[in-house]
Amino acid sequence: MGRKGPHPAPLALALDGSLLLNIASALDDRLLARIAQDLPKGGRLFLGLELPSSAAAPALARLDNASAEVLARFSPIAPPRPKRPAKRSR
C-alpha cells in the first residue's frame, strides 16, 4: 500500500488539458498532517494549482524537450540518430 498523504508527483495533466502544479511542498506541515488524517488508509491526495493557459503551452513544450533529452541520454531504447550522408569519393 502507498503512503498516506500528499502525492509526490510534481505535476499532473488533467483530462481537459490543463496543467496542474503540485503545491504540497509550499504548505505548512501541520496543514498537510490534518489533511492526511482524513484520507482513507493508504490514500494519496494531489494538491494542485492550475497553471494559466498562457503559461501551460510553453511549459508543456519545455517538458516535451526535457523528456526527449532524458530518453536520448539514459534510455537503452533511445530513438535512432539521423544517418550522416555518405562521403563521395572523387
Side-chain angles (χ1 to χ4, degrees):
M1 276 244 164
R3 198 181 79 163
K4 189 175 181 178
H7 197 282
L11 56 91
L13 182 61
L15 290 176
D16 67 358
S18 58
L19 186 62
L20 306 170
L21 301 178
N22 192 331
I23 61 166
S25 64
L27 300 178
D28 181 71
D29 288 340
R30 289 178 291 175
L31 175 59
L32 290 174
R34 189 169 156 217
I35 292 169
Q37 76 184 16
D38 294 332
L39 294 174
K41 184 175 182 174
R44 302 301 291 265
L45 179 66
F46 182 86
L47 301 167
L49 182 65
E50 183 178 358
L51 200 60
S53 58
S54 61
L60 287 172
R62 292 189 73 175
L63 288 168
D64 184 53
N65 290 340
S67 64
E69 182 179 341
V70 168
L71 177 66
R73 288 184 182 213
F74 302 109
S75 176
I77 55 169
R81 295 180 184 199
K83 294 181 180 178
R84 292 183 179 171
K87 292 183 181 179
R88 292 185 180 182
S89 58
R90 292 185 180 188

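Keep in mind that the numbers below use all heavy atoms, side chains included, and drop hydrogens, waters and symmetry copies.
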Heavy-atom closest contact ([X] atom, [Y] atom, distance):
X: Leu51; Y: Ala59; value: CD2-CB, 3.8 Å
X: Arg44; Y: His7; value: NH2-CA, 3.7 Å
X: Gly5; Y: Ala36; value: CA-CB, 4.0 Å
X: Phe46; Y: Ala9; value: CE1-O, 3.4 Å

Euclidean distance, Ser53 OG relative to Leu19 CG, rounded to 0.5 Å: 11.0 Å
Cluster companions of Ile23 among Ile, Leu, Val, Met, Phe, Trp, Tyr (side-chain spacing under 4.5 Å): Leu27, Leu31, Leu32, Ile35, Leu39, Leu45, Leu47, Leu49
Sequence neighbours excluded - salt bridge (Lys or Arg N to Asp or Glu O under 4.0 Å) pairs with any residue from residues 7-28: Asp28-Arg30
All pairs passing salt bridge (Lys or Arg N to Asp or Glu O under 4.0 Å) where residues 52-72 contributes a residue, at least two apart: Glu69-Arg73
Asp29 atom CG, over 12 foreign heavy atoms within 6.0 Å: no
